[in-house]
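Quick note: residue numbers are just sequence positions, from 1. Note that these values count all heavy atoms, side chains included, but never hydrogens, waters or copies made by symmetry.
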Amino acid sequence: MDDILNLVRRLYPYPYSVAAKGNDDALPVWLAELPFAVHEYPSGAELNGWSIPPAWRVEIAEIRKNGELVYDAAQSPLGVPTLSRSFRGRLGLQELRKHLYYSDTDADAIVYHWGALYRDQKEGDWGLCAPRRLVESLAEGEYEVNLVTHTAPAKMKVLDYLLPGKSPRTVLLNGHNCHPFQANDDISGCAVGITVMKLLAALPERRYSYRLVVAPELIGTMFWLDGLGNAARNIACTIMLKSVGNDRDLQLQESFSGESFIDQAAHHVFGHRYGIYHSAPFRKIHGNDETVFEAPGYEIPSICVTRWPFDQYHTHKDTPETLSESRLRDTAEAVFEVCMAFERDVRLRATFTGLVRLSDPRYDLYMPAAAPGLDREDHTEEMARWNWLMNCLPRHLDGCTGLLEIADRYGLPVAEVHAYAMKWVERGLAAVTTDDPAATSPAKSPAQADR
């Protein structure tokens with residue numbers, strides 16, 4: 001696995017937005033990692049009341065008092081709220097403070113103010129983002145503000161990488177690239193998505209197709225999805241990768257129903273990987289593009305994996321130095337395991353009649369257990385579960401029951417159950433069916449989550 005934190009560092013230092021020169025400048029770095037298709041949408045285009053904003057830049061953003069410079073917001077890429085309009089005038093302190101945005105929890109942080117990208121602006125809306133320490137130090141008096149910003153037509157870009165499998169049914173990974181100089185939110189998710197796609201590409205074969213879409217939050221994803229037309233029906237589920245590199249445990253946010261196949265697979269992986277973990281229903285941990293995919297007409301089950309919240313969220317302090325390579329790798333491994341749960345959830349049908357002696361050397365499928373009436377100190381609960389599975393597996397070879405469901409029933413990792421079941425296929429005792437478990441919504445599996 002490549003160094004994910006170094007990838008974050010390469011993708012991080014750009015003034016990203018929904019449509020921005022920063023996105024264009026970063027494009028060669030993204031294309032050097034994966035051969036993304038680049039979809040373009042013009043600013044001003046509308047969809048369901050949403051519109052793509054123009055490109056925007058800051059020329060001057062100064063506060064002066066008696067001619068002396070008090071604050072130059074243009075020195076920080078976050079110093080002016082995105083899409084803020086120009087303003088020039090004199091203000092008293094109380095009126096000036098109405099236009100200053102700062103963090104309530106960190107006196108030195110410069111906040112990322114994104115509201116105008118998604119909410120209607122009023123005529124004359126303008127502002128500056130400054131450290132709270134500076135705002136609180138301002139004395140009474142008259143201040144001169146000179147804020148000059150510019151907008152221009154641009155094109156929003158959505159990056160789309162499709163990794164074909166035997167089936168067109170697709171597991172989609174999603175990250176967003178619209179936050180300027182924000183390493184964890186959400187370059188970390190994008191970097192993990194790239195890493196997982198490389199791991200999947202290295203598989204000798206894939207049952208499912210996989211897709212990574214990196215797009216401006218909400219707007220980019222909804223325009224991209226709308227452009228798919230009927231092909232959107234091939235998306236079986238999505239996994240949101242949001243703020244996954246900080247030093248918190250990985251959390252699981254369920255899809256809208258909480259009962260889809262992706263929920264079952266994710267709970268299985270989290271349970272066996274972490275034991276006790278935190279999960280919550282749809283939109284109860286974090287909010288992102290899952291609402292786009294789950295919207296009427298699509299209803300694509302969408303989960304989110306995240307380590308949110310974190311102290312640097314939406315401030316200039318969200319830098320690569322705050323991230324952990326081990327946490328990034330842990331996220332990539334967990335998401336890859338969820339994808340592999342899809343790959344391993346085959347359904348088998350028996351090719352024999354009657355009771356087979358599994359300890360026969362021709363089969364060698366016997367899973368040892370303590371003999372009745374004998375005290376075996378080396379007998380473990382795991383051995384008992386395997387022995388139970390061995391005895392029950394023949395009845396599960398019905399062509400309808402997936403290995404993930406079987407693994408959950410017997411409390412065993414699906415990777416190990418899959419390896420054992422494939423031995424039955426190799427010995428000629430079972431055959432793989434060709435159905436698509438992701439097309440169904442099995443009952444919610446037991447999970448070890450602290451819900």
inquiry  = With side-chain hydrogen bond (donor to acceptor under 3.5 Å, both in side chains) as the rule and sequence neighbours excluded, what pairs involving residues 51-60 come up?
reply    = E59-H150
request  = Just jot down the side chain to side chain donor-acceptor pair (under 3.5 Å) partners of S326, sequence neighbours excluded, or say none.
outcome  = S324
Could you list the residues that satisfy side chain to side chain contact (heavy atoms under 4.5 Å, CB included) with [X], not counting sequence neighbours?
X: D186; result: H176, S188, K242
X: S76; result: L78, I110
X: E416; result: E382, W386, P413

inquiry  = Strictly distance-based, threshold 3.5 Å: is any side-chain N or O of D263 a donor or acceptor partner for the main-chain N or O of S260?
reply    = yes
inquiry  = In terms of relative ring orientation, are Y112 and H314 parallel, tilted or perpendicular, with 30° and 60° separating the classes?
reply    = perpendicular
inquiry  = Once you measure the plane-to-plane angle for F342 and F261, does it fall in the parallel (<30°), tilted (30-60°) or perpendicular (>60°) bin?
reply    = perpendicular
message = How about CZ on F256, more than 12 heavy atoms from neighbouring residues, nucleotides or ligands closer than 6.0 Å, or not?
response = no
query = Quick check, are the ring centers of H396 and Y410 under 6.0 angstrom apart?
reply = yes
inquiry  = My understanding is that only one of D160, T170, N234 makes a side chain to side chain donor-acceptor pair (under 3.5 Å) with R211; could you say which?
reply    = D160
task = May I have the step-by-step check of salt bridge (Lys or Arg N to Asp or Glu O under 4.0 Å) for R90 and E142, ending in yes or no?
result = CA-CA 6 Å; R90 296 175 180 271; E142 187 177 67; 3.4 Å; yes
request  = Any pair with a residue in residues 99-112 that passes salt bridge (charged side-chain N to carboxylate O under 4.0 Å, His left out), sequence neighbours left out, goes on the list, sorted by first then second residue, please.
outcome  = D106-K317, D108-R133
